[in-house]
Amino acid sequence: MTGRLVRWVAVLAASIGLLVVAAVDTGAETEGERVQRLHDSYACPVCDGQSVADSNASVAVAIRNFISDEVAAGASDDQIRDDILRSWPGSLLNPPGEGFAALVWVLPVLVTVVGATGVAFAVGRRVEGSATSADEQLVAAARDSGGSGA
Amino acid sequence: MYSILGLAAAVVGLAASVLGAVGGAFILITGRRHLLHTVRSWAWITVGTGVAMTVVMLRALSVRDYTVDYVQQVGSPNTPTLFNIAALWSSLEGSLLLWILVLGGFTGAMLVKFRDRRDDELFGWALVVMLGVSVFFYALVAGPANPFTAVTVPADFTPRGPNPLLQNHVLVAFHPPMLYLGYVGFTVPFAFATAALITGRLGEGWLLETRRWTVVAYGFLTGGIVLGAWWSYEVLGWGGYWAWDPVENASLLPWLTGTAYLHSVMVQERRGMLRVWNLALVCATFCLTVLGTFITRSGVIESVHAFSDGPIGAWFLVLFGIVTFGSIGLIAWRGDQLRSPGSIDSPWSREASFLANNLLFGAMAFVVLLGTVFPLLAELWDGSRLTIGSPYFDSMAKPLGLLMLFLMAAAPILPWRKASGEVLSERLFWPAVIGVVSMALALVFGGRGVAPVLGFGLGGFAGGSAARQVVLATRRHGWRGFVGRTNGGMIVHLGVVLLAVGLVAAESYKVDRTVRLEVGETASVNGHEFTYLGGGGDQNGRRVRIWAEIRIDGQDVYQPATTLYREQGVVVPTPSVRPGFSEDLFLVTDAVQTPGDPVRLRIVIRPMVTWIWAGGGLMFLGTLLAVFPGRRRRRGTEPTSVAIPDAAPVG
């Protein structure tokens, strides 16, 4: 028992240690990475849900260039967002967390929590009195053979 | 002539479907089973007319008969043979022909497989449901989406050929048919589930009848989705493979519920539990294929106003309503018979892990569905225009994906009913060690960030767990350790791990740069050197292609190109990819260049993309292996009330 516990503590400790290294050693975001992240955040206005990073449409290229220029000029993410939304409303790929749009963030969490609660209740809950004759025959046969199934 | 022949086949197919469905239902309700053979005859006719319509359309395409409406839309004398065949599914009306052909194929396979049970009520009703679905599609092609409509050829008519993106890569010949085999294949388990509800034969019989059919449909859907991603990567020129657009999401939805069903069905087979849930999943999977088709065919997602674009979307919405409310009604009607005795005895059991699996896949399906239709809901609510794209889906899918990987590691080693702490510890230890080693390797090779490194670790954990099961099975049973549902399922798990690890790397460590190069100039990106050597071009009657020659790292030369398709006047980029075990270098030029002019080159470096395709291939192979009969074992259904064998408490 002790040996088993030690082995698992070692595995857990190693995992946590490696994750700490992974978290600490990420370094600051480079300008190129920031540009890439922003390119991934805005929708191409004429491309049906594609990001400006993914689209080859001329307007997507224009927004990409605009973002690159703004980043080079030292604009903040918020300034860039405001400027883009002024010219191309509705082009934010991540829906806002307020108003009706907040539901798109809240509902999945709510459904998952309700589902998880349901699963938790299902485990350990015994349903009685609804066995069909076929079920009862199966039970009887299994008891006769003394097995518990493969 | 082809218009008349095609329409005649459609009308005969529609009549046979109606007669088979309505007549079959009448025969079954009135108990005249000796007449059931007539339903089989009508069904065979629908199979024949499906083949006939396809042959007629392919012939019309090959001889370029522009008096046929569909040929006028997509035909061209300049389209090569392979893409001329693929033109069959390059537009709405033709793709419905493919749907009918595949539906006929599955109907024919059912007729052959169950030929000895011609008087069986369950099979009879399943056939009636198949023919009912057939009525819908035949009605479409005989009515509002008739591809055979005879049209006059205008004097100034210029053939256009299929969409240029659909004549740019050989994968277009395989991806749609494979996807349709998956989509339509799920009609068979739906038909049997409905038949079981109607007849009241709600034991595990219908599950066992359809187990292989479901696995086959699942395998094709998996293959179709992965091939679609590969096609997108190779053709669309945006450096990615999955954009979470409505069409992609529509294919993912039934895959998610289908995956949930393939797991939870084992709980019913073994324990007789989850009967309502499994029926609901089968019905939901079929409903989602219809909903997905509605979403992608109606144009409703772009704007609510697109509803008026054509009647096809409304037709699919009606079918969706009938199927959804019909399924709910039938399940409610049989509710009492569906209650199953027994319980899930412990959270440390195989069945509890399958429930958790269903929760995660259900949540994922909900996220995908909600994110896809939410712009429509928002527009209906307050007129606002929202775009929901990759950042939303990625942020929701990541935690669910990590939890799925964890569950993939734990579930296969859990026994039914209850596990002891000793069993858990013994079986999970080495997979856990592989997980830790995977994290360490990820760090050594430059991986950073908690989520991706955790993804590698959980991938190693899940891979170790699946590999352990495969090794044990092959030790015990030799080559049979690779076949059968459980063993094939572990191969699928290994494929999922490869795919997941590839996705983690390709998404987390992507480098995307655009550079402008003069001839002879070199750009250095992420340790690689890209030298622009110049360019070239060629042309034929169909297209003009201009390429840039890029030498990578002083070695091989790659030729990203732009292609102008003359008939459509459309320019499409043709990327050039240097694939590799550790990373892909993806090159694309984003404008037509005159050979030798400066080039604007987009360079996308994604690690481990080939792992995604390899994983998809392994998943497909695993489903094939799962279809083959495995080791003979005792009857699968374990009675629900048998005492649990003694097991030490977990801890």
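Per chain, numbering begins at 1; letters A, B, ... match sequence-line order.
- Counting heavy-atom pairs closer than 4.5 Å to chain B, the top-ranked of the candidates Pro108(A), Gly118(A), Ala10(A), Ala14(A) is Pro108(A).
- Using a 4.5 Å heavy-atom cut-off against chain B, no residue of residues 74-82 of chain A qualifies as contacting.
- Heavy-atom distances place both the backbone and the side chain of Leu103(A) under 4.5 Å from chain B.
- For a residue to count as touching a neighbouring chain, one of its non-hydrogen atoms must lie under 4.5 Å from one of that chain's; by this rule Leu443(B) touches chain A with the side chain only.
- Side-chain contact between Thr387(B) and Tyr42(A) is absent, with no heavy-atom pair separated by less than 4.5 Å.
- Looking only at heavy-atom pairs under 4.5 Å with chain A, the residue among Asp394(B), Leu377(B), Leu360(B), Leu400(B) that has the most is Leu377(B).
- Between Ile63(A) and Pro45(A) there is a side-chain heavy-atom pair separated by less than 4.5 Å.
- In this structure, chain A has no heavy atom under 4.5 Å from any part of Met364(B).
- Side chains of Trp277(B) and Asn358(B): a donor-acceptor N/O pair is present below 3.5 angstrom, by distance only.
- The pair Asp40(A)-Lys510(B) meets the salt-bridge criterion, since a charged nitrogen lies less than 4.0 angstrom from a carboxylate oxygen.
- When heavy atoms are compared at a cutoff of 4.5 Å, Leu18(A) approaches chain B by way of both its backbone and its side chain.
- Looking at Ser41(A), the atoms closer than 4.5 Å to chain B (heavy atoms on both sides) all sit in the backbone: N, CA, C or O.
- Aromatic ring pairs are classed by plane angle as parallel below 30°, tilted from 30° to 60° and perpendicular above 60°; the pair Trp88(A) and Phe66(A) is perpendicular.
- Aromatic pair Tyr392(B)/Trp244(B): ring centres not closer than 6.0 Å.
- Leu38(A) has its side chain within reach of Val71(A): a pair of non-hydrogen atoms, C-beta onward, lies under 4.5 Å apart.
- Phe429(B) is linked by a ring pair (Phe, Tyr, Trp, His ring centres under 6.0 Å) to Trp8(A), counting only residues two or more places apart in sequence or in another chain.
- Of the listed residues (Asp512(B), Val367(B), Leu355(B), Val453(B)), the greatest number of heavy-atom pairs within a distance under 4.5 Å of chain A belongs to Asp512(B).
- When side chains are defined from C-beta on, Val267(B) does not count as touching Arg350(B), because their heavy atoms never get closer than 4.5 Å.
- Using a 4.5 Å heavy-atom cutoff, the side chains of Ile67(A) and His39(A) are in contact.
- Taking chain A as the reference chain and counting heavy-atom pairs below 4.5 Å, the highest number among Pro391(B), Ala451(B), Gly447(B), Pro452(B) is found for Pro391(B).
- With chain B as partner, the option from Gly115(A), Gly17(A), Ser68(A), Ala101(A) having the largest number of non-hydrogen pairs under 4.5 angstrom is Ala101(A).
- Interface residue Leu454(B): backbone and side-chain heavy atoms are both found under 4.5 Å from chain A.
- The aromatic rings of Phe100(A) and Trp381(B) sit parallel, their planes meeting at an angle under 30°, below the 60° perpendicular limit.
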